[in-house]
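Hydrogens, waters and symmetry mates are skipped; everything else that's a heavy atom, side chains included, is used. Protein chains get the first letters and strands the later ones, always in sequence-line order, with residue 1 at the start of each.
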Protein chains: 2
Amino acid sequence: MNPKPLRADTERTVRAILEAAERVLSANPAAPMEQIAEAAGVARTTVHRRFASREALISALGAWAAQRFHEAVEAARPDTAPPTVALYQATVNVLRVKIGWGFAMGALPSDAPEVARVHDDVRAQCERLFVRLQDAGEIPTNADLDWLRRVYYALIHEAALEAPEGDAAIDALATRVIDTLLHGIGASQNS
Amino acid sequence: MNPKPLRADTERTVRAILEAAERVLSANPAAPMEQIAEAAGVARTTVHRRFASREALISALGAWAAQRFHEAVEAARPDTAPPTVALYQATVNVLRVKIGWGFAMGALPSDAPEVARVHDDVRAQCERLFVRLQDAGEIPTNADLDWLRRVYYALIHEAALEAPEGDAAIDALATRVIDTLLHGIGASQNS
DNA sequence: ATAACTTGCGTCATTCATGTTGCAAGTCAT
DNA sequence: ATGACTTGCAACATGAATGACGCAAGTTAT
């Protein structure tokens, strides 16, 4: 997909800029390019060299996050692994990405068709997984799958705000999300 | 609270501007004042006459929405009505406000202490209501009340995106929110 | 080692949003 | 009806963000 492999130099710079953009813009979506450059430890002109315009940077940020999102779901093998396992693994993986790239994933008006395509793909995978969960008897067959998916996204979004560090904490978070999704507030599940 | 009662003229203009700001900014938070003025059907200078700066307008918008939010919860008598009734009524009322003032309520970095105070008040009312629901046996006593409240907010936020018109639709939405909150995805409650 | 590339810095042009003011015409309250 | 207030319009001032250059110094790959 990349006809010309980037120089090691360049790649480091691009990554630094994207990470800085996530950090700065999540605090203030209207932050000027200069703040992003400063946070990335580069000159403002360098940002403009890598990303022609502010819009291009935002767009690239969205595409980058969408890619990580897609990888996170793929890694859970939602179409082949046992559905309850896949749901748990996908939750953990997506939580990780969302904690680090929350702005780029959520508060971004991504009008890019390429990004929309990835999100549609993930949505389709999510819905297939829910159907598999229904077949396994984990979800009632009369459940509204669209509402289910929206609640699932919303719970992940909410949980990611806690932004814990350790693996154990993220496991606990994922467990809580799935518990709440399937059984609502109340006693934790004893499976 | 208002030492000088506004002229009928002025009040209409102010309301039109606030409503336009909600509409325009929810579509594009960085929209220039001119777009807001246009949407309100007034000249740009008039907006500046009523609100000294952009920041002042945003702040007033947040304060206005916070007020409606507070009224919505108050009207449900959360401290005196039977807790399940209060929960339902508060959900319906807040959904109404949130549908019309979603931007001002949610996507607003309200640093104003006055607004923060109102939100804190509502949060306290919400938590008292949850305790009453625990006492009534509707919520397990081992529930994490903070997580519960955050999920409740998130579900209302998500439900409000459907933005239905009729009373019946909002009733259905509130029922779904509470059902999901208490029992998770699955068969609807048969109370 | 060398050729190609990248970066930082200073500089400049341009565009755009914001905020202000004065005045004529219209609206409101009493 | 009258005095006070509000609005639209046009014009102006200002500041900030964006984006583009060229050049000297440093880095990378082969």
Atom pair distance, as rounded to whole Å: [atom1] in [X] and [atom2] in [N]:
{"X": "B/R7", "N": "C/dG26", "atom1": "CZ", "atom2": "P", "answer": "15 Å"}
{"X": "A/H48", "N": "D/dA20", "atom1": "NE2", "atom2": "P", "answer": "7 Å"}
{"X": "B/L57", "N": "C/dT18", "atom1": "CG", "atom2": "C1'", "answer": "13 Å"}
{"X": "B/E11", "N": "D/dT7", "atom1": "CD", "atom2": "P", "answer": "12 Å"}
{"X": "A/R49", "N": "D/dT18", "atom1": "CZ", "atom2": "P", "answer": "17 Å"}
{"X": "B/E55", "N": "D/dG15", "atom1": "CD", "atom2": "P", "answer": "18 Å"}
{"X": "B/F51", "N": "D/dT7", "atom1": "CZ", "atom2": "P", "answer": "11 Å"}
{"X": "A/E34", "N": "C/dC9", "atom1": "CD", "atom2": "P", "answer": "11 Å"}

If the helix axis at each end comes from five base pairs, how far does the helix from C/dA1-D/dT30 to C/dT30-D/dA1 deviate from straight, to 10°?
60°
N/O (side chain, [X]) to phosphate O (OP1/OP2, [N]) under 4.0 Å:
{"X": "B/T46", "N": "D/dT7", "result": "no"}
{"X": "B/R44", "N": "C/dT20", "result": "no"}
{"X": "A/T10", "N": "C/dT6", "result": "yes"}
{"X": "B/R50", "N": "D/dT7", "result": "yes"}
{"X": "A/R54", "N": "D/dT18", "result": "yes"}
{"X": "A/T13", "N": "C/dT7", "result": "yes"}

Measuring from atom CG of A/L148 to atom CG of A/L133, what distance do you get when rounded to the nearest 0.5 angstrom?
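It comes to 8.5 Å.
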To the nearest 0.5 angstrom, please state how far the CZ atom of B/F69 sits from the CE atom of B/M105.
4.5 Å
Salt bridge or not between B/D120 and B/R117? Use side-chain N to carboxylate O under 4.0 Å.
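No, no charged N to carboxylate O under 4.0 Å.
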Transitively linked via ILVMFWY side-chain contacts under 4.5 Å: B/Y152 with B/V131?
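In one cluster with B/Y152: B/V131, yes.
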Could you state whether A/V115 and A/L25 fall into the same hydrophobic cluster, counting links through intermediate Ile, Leu, Val, Met, Phe, Trp or Tyr residues with side-chain heavy atoms under 4.5 angstrom apart?
no
Between A/D9 and B/D9, who's closer to the 5' end of DNA chain C by nearest nucleotide?
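Taking each residue's closest nucleotide, the earlier one in sequence belongs to A/D9.
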How about B/R128: does its CZ atom have over 12 heavy atoms from other parts shown lying under 6.0 Å from it?
yes
Just checking, B/R149 and B/Y153: is the charged tip under 6.0 Å from the six-membered ring centre and within 45° of the axis?
yes
When you get a sec, tell me which of D/dT28, C/dA17, C/dG19 is the closest nucleotide to the side chain of B/S53?
C/dG19
